[in-house]
Amino acid sequence: MKKIINDPANVVPEMVKGMVRSYPQFITKIEDAEAVMRADKDSMTGKVGIVSGGGSGHEPTHAGFVGNGMLSAAVCGEVFTSPTPDQIYAAIKAVDQGQGVFLVIKNYSGDVMNFDMAKDMADMDNIKVKSIVVDDDIAVENSTFTQGRRGVAGTLFMHKILGAMAQNGASLDEIDAAAKKVLPNIKTIAVALSAATNPETGKPGFVLKDDEIEYGVGIHSEPGYRREKIKPAKDLVSELVGKLNDEMHLDHSKKYAVLVNGMGATPLMEQFIFSNDLLDKLAEFDVKPAFMKVGNYMTSLDMAGISLTIFEIADEKWLGYLNQPVETIAW
Amino acid sequence: MKKIINDPANVVPEMVKGMVRSYPQFITKIEDAEAVMRADKDSMTGKVGIVSGGGSGHEPTHAGFVGNGMLSAAVCGEVFTSPTPDQIYAAIKAVDQGQGVFLVIKNYSGDVMNFDMAKDMADMDNIKVKSIVVDDDIAVENSTFTQGRRGVAGTLFMHKILGAMAQNGASLDEIDAAAKKVLPNIKTIAVALSAATNPETGKPGFVLKDDEIEYGVGIHSEPGYRREKIKPAKDLVSELVGKLNDEMHLDHSKKYAVLVNGMGATPLMEQFIFSNDLLDKLAEFDVKPAFMKVGNYMTSLDMAGISLTIFEIADEKWLGYLNQPVETIAW
Amino acid sequence: MGLTVNNLIDWINNFSAKIEQNKQYLSDLDTAIGDGDHGFNMSRGMKAVSQKLSTKPETITDVFKQIAMTLISTVGGASGPLYGTAFLEMAKKSATSDDIGELLEAALTGIKKRGGAEPRDKTMVDVWSVLVPEVKAHNLTREKIDSAVAATKDLVAKKGRASYLGERSKGHIDPGSQSSGYLFEALLETEGIL
Amino acid sequence: MGLTVNNLIDWINNFSAKIEQNKQYLSDLDTAIGDGDHGFNMSRGMKAVSQKLSTKPETITDVFKQIAMTLISTVGGASGPLYGTAFLEMAKKSATSDDIGELLEAALTGIKKRGGAEPRDKTMVDVWSVLVPEVKAHNLTREKIDSAVAATKDLVAKKGRASYLGERSKGHIDPGSQSSGYLFEALLETEGIL
Ligand SMILES: Nc1ncnc2c1ncn2[C@@H]1O[C@H](COP(=O)(O)OP(=O)(O)O)[C@@H](O)[C@H]1O
Ligand SMILES: Nc1ncnc2c1ncn2[C@@H]1O[C@H](COP(=O)(O)OP(=O)(O)O)[C@@H](O)[C@H]1O
Ligand SMILES: [Mg+2]
Ligand SMILES: [Mg+2]
Ligand SMILES: [Mg+2]
Ligand SMILES: [Mg+2]
């Protein structure tokens, strides 16, 4: 493992310090917590707070999306480990303006439980808290008897829409209702060329041969649904769009937002080649995205690969929220 | 070599198509050339054009910085190979508004010669063209008898400043004078953990052992000045800042802009840990950057490593230009 | 016989030592069907707990509370809130009872409520739900602990990170069940509680 | 004896064949002291040239112009403008001369002007500046070509990408000199020009 770090045990606090010191115009550290909030506190006055977070290693998510028009605060757990309730609670408390706080949680046992406990703590303090659990990763079978699906890159769209609404003065209940409406419209699926190496364990999550890829991996190097020989970009696009279409039935009369997300070590060149093939494939369905982003947004340390998110814009207002300007490090 | 591509011979045209199709609000393809220009042509009316370019593989540079307030056009050569004069000329011609065009060239034999030939072609067409050759990489000895220093990540600051000036209506001569004044104030130095693999050759430019790093590498995997065992981030910062300080003599009474640039495969987490140590090190010189950016701006495909650029803001107006809003894919 | 501040602290320090000793093994189990951090998570938490308990609290309730708060605020992940909740429930129950069986039963109820897992979901609930009745019946043995942990091997995970693997989670011991096994082993080895 | 459209095209097609055959070798030379693309760059360009020349131009000048424009617009990098300029200068000169020595001399002047390199800078200029006088003196031989190319090995590069290596550029043949060697070899092998 070759990494530009000091002590593996300190990567998160050092990274958080590096972020707030490099971008003091956008974010500031929350005292006694590995968490950041907007530097421009006035932008939050009288508004509902939007708080997100989870394990670290997905940069620029989450701290890179804190700023005017998007998140109010982000909590940074240990690498690939959900943050503890006291940290989440500190973020809730720091941004609450009396209008309540909305939590965006990704569907992992740890995140769900830790955010729930933080909510209990906020309740005791009479801070109104509501939340949504994002579960956009269609690689996993859906079932009410199991943990269900993971929350991955599609969370970016949830952050953007709720952040814009909060900025525009929406109430906690309005945000809660919108989140519930947005959720089933976001679907994501990924393909990996290599796994991430966690600085603490020093080992990759799985090992692929020099000519192997794996479909359906998660953002913590959870294994996927199929391993096979590397294929041309076109064929990867076919596989991923096929899976998404099975779920959401692409329809030319509907509007879609698309996120082509690099997992960390995959060059933009490859992401744009993938995007070119993707737009060809979508054209076969007579679909042209109304909104599109390509780049490293929800990474998995040094994993190589791409995830593809398609978000059906079921409400015309959402497109406006996606396009609303923000002041963040990374949007 | 495992890459998300189709045919190695087509990576550049497919990438360019992917970029303009993904971000039609910012850029559009120049006909019959692997080059892009601003989608919002009105934003260029009556303004000097700023054209940059070079080999591909450095994304988001150059096309990611085309847009209102920054570049007018960017020419995309084959991977790590400078573009041909006809392509550069096509870009010059596409953006000229009668006010002349300014070329930003990075100091490589190929770039200098191809851009020169394009300039000759424009001359014949009575388009006024001036240019600057950026040579910010201090890893290479400076000498008037040799090719001199390479142009690397610091070029980003040149793009931004000239782009802002052009947008504000500066003349070709004013831009030329500013470019000459900016140039000696930009210095860059890099450290690599691994080299890039060119899709066409399928081989990495050099091979480092599992515990080795190399200081002073270029953005096409040109070898650097010293190879040694991996060190903590703090020590890498010391080496790079030491080299830069030898060149530019950091001075607390001066203002600086800083770019911590990921080479492609290095996670943001590591870049921010590096930034944290960097800010500590600069504090030893009583220096606090007046402007800072951290992220993948001038990459080298899948190379792992970081380059550090320090830019002395010798003219107060430059800080304003750096902060002036732009509409691009990647600034 | 009975729970005291002293033997409670002994139990927990013994648990902490077992975690430290098996940190890598727990993470290896987690690499197979999770994200490879369970050993590191538990080690970070239990080191902090032992550190905290070096200043001895006054009452059994205070000890449980101290453990709970420390685990909740240092472990993170899935195991943090689960172990944290377990000790928090024991703290609450200890106000009215000092029977270890009753305390552990309250802990199990808390774990099930917090995580929503039931027996045979291949989580720590499997080990707890088999062993708590044994404690209550004064029948806890090393064999029973080992077999409760081993029994998680053939299950298909329904909760936690391993559930994403579906059928492929079979054939691996659940890491949280293994660490829970160490908790019961440590209890068995501590004089005077059972 | 003398340059004709036919033997000029033969020469260039022979050069093209040599480039194709040694594409990997040229790129390997470039990997050692450059960026590993010289063989690919030249191959891309010369393939396009041969393709273009399959429709035979009318005059020698037209052939040279065709080659120049094709190389300039397909090769890129450093070698594109240099070879392009060489053939462009030969095109210009061919209006007033059909002496191959004079044409090559004009090409060399163009290369030096375009790239600013002088002999002993470890560039293609080294091979051209040794071999052009030999052509003029009707003394070009295979041995002289080989030794001109080999002589670049011990030089320290002052121009081009290899110059960034300083002293470490020693011990490697300059790739552009090697490809230029093939151009002169092809000339030597073509009946009727020299
Ligand atoms: N919902 C749940 N209910 C009970 N136990 C659970 C649940 N989810 C996970 N676990 C337990 O937690 C263990 C994993 O803990 P750990 O690796 O520390 O957290 P994470 O899965 O967040 O990385 C699993 O082995 C399992 O025993
Ligand atoms: N300034 C120059 N003058 C003459 N020849 C040069 C100059 N710069 C480079 N060359 C030649 O070009 C060759 C490299 O060409 P190539 O690899 O195709 O381009 P690049 O260096 O841009 O990758 C060198 O081996 C050298 O012979
Ligand atoms: Mg974890
Ligand atoms: Mg090249
Ligand atoms: Mg785990
Ligand atoms: Mg080359």
Test item: Val294(A) and Arg21(B) side chains (from C-beta on) under 4.5 Å apart, heavy atoms: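 Contact flag for Val294(A)/Arg21(B) side chains = no.
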Between Asp277(A) and Asn6(B), is there a side-chain heavy-atom distance shorter than 4.5 Å?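 In short, these two side chains touch, coming nearer than 4.5 Å.
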Where does [X] contact chain B at under 4.5 Å (heavy atoms): side chain, backbone, both or neither?
X: Asp211(A); value: backbone
X: Ser22(A); value: both
X: Tyr23(A); value: side chain
X: Asp235(A); value: neither
X: Lys288(A); value: neither
X: Lys229(A); value: neither
X: Val16(A); value: neither
X: Leu279(A); value: both
X: Asn10(A); value: neither
X: Leu236(A); value: side chain

If you count heavy-atom pairs within less than 4.5 Å of chain A, which of [options] leads?
options: Ala233(B), Gly264(B), Gly64(B); answer: Ala233(B)
options: Met15(B), Lys231(B), Gln271(B); answer: Met15(B)
options: Met303(B), Lys17(B), Met1(B); answer: Lys17(B)

Going by side-chain contact (heavy atoms from CB on, under 4.5 Å), Met269(B) matches just one of Ile5(A), Ile4(A), Val11(A). Which one?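 Going through the options one by one, the only one that passes is Val11(A).
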Based on non-hydrogen pairs under 4.5 Å, which of [options] is most in contact with chain B?
options: Ile230(A), Asp280(A), Asp302(A), Val79(A); result: Asp280(A)
options: Met19(A), Glu212(A), Gln25(A); result: Met19(A)
options: Pro267(A), Pro199(A), Ser194(A), Pro13(A); result: Pro267(A)

Counting neighbours of CG on Asp7(A) that are heavy atoms of other residues, nucleotides or ligands and sit closer than 6.0 Å, is the number greater than 12?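 Yes - once you tally the heavy atoms of other residues, nucleotides and ligands closer than 6.0 Å, there are more than 12.
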Gap between atom NZ of Lys3(B) and atom CG of Leu193(A) - 0.5 Å precision: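 Those atoms lie 10.0 Å apart.
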To the nearest 0.5 Å, what is the distance between NE2 (His58(A)) and CG (Leu268(B))?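 Result: 13.0 Å between the selected atoms.
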Nearest heavy atoms of Ile273(B) and Glu14(A), plus distance in Å: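 What the structure gives for the nearest pair is CG2-OE1, 3.4 Å.
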Just do the side chain to side chain contact (heavy atoms under 4.5 Å, CB included) check on Lys2(B) and Leu208(A) with the steps written out, would you? CA-CA 11 Å; Lys2(B) 218 167 12 169; Leu208(A) 290 171; 3.7 Å; yes
